[in-house]
There are 2 protein chains.
Amino acid sequence: MHSEAVASRSADQRDSREPRRDTKEPRNGTPQLDAVSLAIVQQLQEDGRRPYAAIGKAVGLSEAAVRQRVQKLLDQGVMQIVAVTDPLTVGFRRQAMLGIHVDGDLDPVADALTAMSEVEYIVITAGSFDLMVEIVCEDDDHLLEVINKRIRTLPGVRSTESFVYLKLKKQTYMWGTR
Amino acid sequence: MHSEAVASRSADQRDSREPRRDTKEPRNGTPQLDAVSLAIVQQLQEDGRRPYAAIGKAVGLSEAAVRQRVQKLLDQGVMQIVAVTDPLTVGFRRQAMLGIHVDGDLDPVADALTAMSEVEYIVITAGSFDLMVEIVCEDDDHLLEVINKRIRTLPGVRSTESFVYLKLKKQTYMWGTR
DNA sequence: TCGGTCACTGCGAAATCCGCAAATCATGAG
DNA sequence: CTCATGATTTGCGGATTTCGCAGTGACCGA
């Protein structure tokens with residue numbers, strides 16, 4: 001019945017005959033979002049502080065239902081609602097991407113890197129690097145210290161190649177909002 | 001003055017001897033945040049929906065003042081409050097970093113890349129690549145099409161090197177929250 | 001068929017957001 | 001030094017929003 005209720009409250013927005021589109025869809029390993037949760041995420045990608053009622057109107061759900069879904073998405077770690085900033089304006093003037101060649105198991109190296117607060121981003125990659133990491137530092141000295149003294153000395157790190165950022169041209173947080 | 005006000009109302013939180021750290025500091029081109037706004041940003045990095053009153057208590061400002069500062073920070077584009085998600089759970093299974101070698105001016109290439117919704121991130125770098133971009137795609141076909149058909153055919157793009165993501169190990173949005 | 005679980009709805013009460021006018025402070029000119 | 005100006009902050013209601021909870025229907029396994 002909630003589909004009628006939904007339809008009555010927002011017939012202008014959603015198709016009342018939508019056949020229930022299962023909430024979980026436990027297909028592969030990933031939890032996988034249903035269409036409604038995806039729509040909620042998109043709303044919050046536009047404005048992380050948008051009121052639940054407004055989101056509800058947009059996706060065709062009651063305020064309370066939206067609130068519950070959002071809470072679950074946060075609890076599950078599917079999304080987080082945060083302020084993102086331009087590092088430059090927050091006092092981090094030097095950034096770099098680092099490609100890393102590793103001997104043997106990647107995980108110990110990755111774990112050590114994870115522990116470093118200056119390392120913002122770590123991926124294991126296929127290609128000529130084993131690991132790529134993004135580093136955010138206050139200045140050149142700081143950057144040099146992190147790369148030279150703390151990363152290159154890590155056991156397992158064979159060699160690195162640095163790509164110092166000259167200019168950030170684009171940065172989006174709009175996955176799914178195409 | 002507002003530094004005393006701050007100190008008097010939240011002596012438990014902040015150092016009253018903090019030597020003034022000017023509100024604007026119109027030094028270079030960047031606006032630059034003062035200590036209070038930085039604290040506000042940090043609060044919102046922990047939880048983008050934290051109430052203004054709670055933030056105010058933490059940074060030593062009234063609810064209304066926090067609200068105005070946040071609004072200004074948003075208007076100025078210094079920060080944005082958004083939901084960020086794990087691309088995997090939102091249906092984007094293939095990601096890659098792409099290093100690009102460019103002939104001549106970088107800007108036209110960068111602009112063309114900016115227009116592509118699959119390109120999440122673009123930086124001009126010093127080092128063996130001119131440009132590094134992050135690509136978020138739904139599957140291998142999609143990724144291949146973007147790289148091969150749309151990027152490598154761009155005028156000015158001499159060559160590219162791909163680093164397909166195998167595993168994302170860390171991703172933070174906590175600049176300044178060290 | 002009988003629970004049990006899950007997601008959604010409705011609804012007050014409490015908390016929060018919002019706009020506005022007055023107060024405070026910083027700055028710079030006179 | 002004093003005064004005017006502009007920027008920021010504060011203190012209010014009133015409107016909105018959030019929050020918790022009880023009730024209901026759908027689905028699933030026993």
Side-chain angles (χ1 to χ4, degrees), chain A residues 1-11 13-26 31-41 43-44 47-76 78 81 83, chain B residues 1-11 13-14 16 18-26 31-41 43-44 47-76 78 81 83:
Chain A
M1 59 79 31
H2 97 247
S3 64
E4 291 93 337
V6 162
S8 67
R9 278 198 297 91
S10 64
Q13 287 272 8
R14 290 165 46 61
D15 180 357
S16 64
R17 282 172 305 316
E18 201 159 11
R20 258 240 68 92
R21 188 165 307 229
D22 265 319
T23 311
K24 289 282 173 38
E25 187 162 345
Q32 206 75 7
L33 304 182
D34 70 356
V36 177
S37 289
L38 189 64
I40 292 175
V41 171
Q43 292 287 319
L44 289 169
D47 175 6
R49 275 181 165 262
R50 185 162 297 170
Y52 296 131
I55 299 173
K57 204 156 30 181
V59 308
L61 235 55
S62 69
E63 175 270 337
V66 173
R67 179 153 38 93
Q68 287 171 164
R69 286 209 184 215
V70 168
Q71 193 54 53
K72 188 190 298 181
L73 291 172
L74 294 174
D75 291 342
Q76 290 175 166
V78 174
I81 300 175
Chain B
M1 59 91 245
H2 92 244
S3 69
E4 292 92 337
V6 163
S8 67
R9 279 197 299 88
S10 66
Q13 286 272 10
R14 294 162 42 59
S16 62
E18 203 159 8
R20 254 244 63 105
R21 189 162 307 226
D22 267 318
T23 311
K24 292 280 172 45
E25 189 160 346
Q32 206 74 7
L33 304 182
D34 69 357
V36 177
S37 289
L38 188 64
I40 292 175
V41 171
Q43 291 288 319
L44 289 169
D47 175 6
R49 275 183 165 257
R50 185 162 298 169
Y52 295 130
I55 299 173
K57 204 156 30 180
V59 308
L61 234 55
S62 70
E63 177 268 340
V66 172
R67 179 153 38 90
Q68 286 172 163
R69 285 205 183 218
V70 168
Q71 193 54 54
K72 189 190 297 183
L73 290 171
L74 295 174
D75 291 342
Q76 290 175 165
V78 173
I81 301 176

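Chain naming here is simple, since letters A, B, ... match the order of the sequence lines and numbering starts at 1 in each. Quick caveat, the model's predicted, so the values are computed rather than measured. What's counted below: heavy atoms across the whole structure, side chains too, no hydrogens, waters or symmetry copies.
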Value in whole Å for how far the [atom2] atom of [N] lies from [atom1] of [X]:
{"X": "A/Arg69", "N": "C/dC6", "atom1": "CZ", "atom2": "C1'", "result": "11 Å"}
{"X": "B/Asp47", "N": "C/dT16", "atom1": "CG", "atom2": "P", "result": "12 Å"}
{"X": "A/Ile40", "N": "C/dA7", "atom1": "CD1", "atom2": "C1'", "result": "12 Å"}
{"X": "B/Asp75", "N": "D/dT8", "atom1": "CG", "atom2": "P", "result": "13 Å"}
{"X": "A/Leu74", "N": "D/dC19", "atom1": "CG", "atom2": "P", "result": "11 Å"}
{"X": "B/Ile55", "N": "C/dT16", "atom1": "CD1", "atom2": "P", "result": "11 Å"}
{"X": "B/Leu44", "N": "C/dT16", "atom1": "CG", "atom2": "C1'", "result": "15 Å"}
{"X": "A/Asp34", "N": "D/dA26", "atom1": "CG", "atom2": "P", "result": "18 Å"}

Please confirm whether the shortest side-chain N or O distance from B/Lys72 to OP1 or OP2 of D/dT8 is below 4.0 Å. yes
Closest heavy-atom pair, A/Glu63 versus A/Ala53, reported as atoms and distance to 0.1 Å, is CG-N, 3.9 Å
Provide the closest heavy-atom pair for A/Arg49 versus B/Gly48 in the form atom of the first, atom of the second, distance. NE-O, 3.1 Å
Using a 4.5 Å cut-off on heavy atoms from C-beta on, say whether the side chain of B/Val78 contacts that of B/Val41. no
Got a second to check how far [X]'s [atom1] is from [Y]'s [atom2], nearest 0.5 Å?
{"X": "B/Arg69", "Y": "B/Lys72", "atom1": "CZ", "atom2": "NZ", "answer": "7.5 Å"}
{"X": "B/Ile81", "Y": "B/Leu74", "atom1": "CD1", "atom2": "CG", "answer": "5.0 Å"}
{"X": "B/Ile40", "Y": "B/Arg67", "atom1": "CD1", "atom2": "CZ", "answer": "12.0 Å"}

Under 3.5 Å, which N/O atoms of the protein pair with N/O atoms of nucleotides 17-20 of chain C?
from   : atom 1 : to      : atom 2 : distance (Å)
C/dC17 : OP1    : A/Arg49 : NH1    : 3.2
C/dC17 : OP2    : B/Tyr52 : N      : 3.0
C/dC18 : N4     : B/Glu63 : OE1    : 3.4
C/dG19 : N7     : B/Arg67 : NH1    : 3.1
C/dG19 : O6     : B/Arg67 : NH2    : 3.1

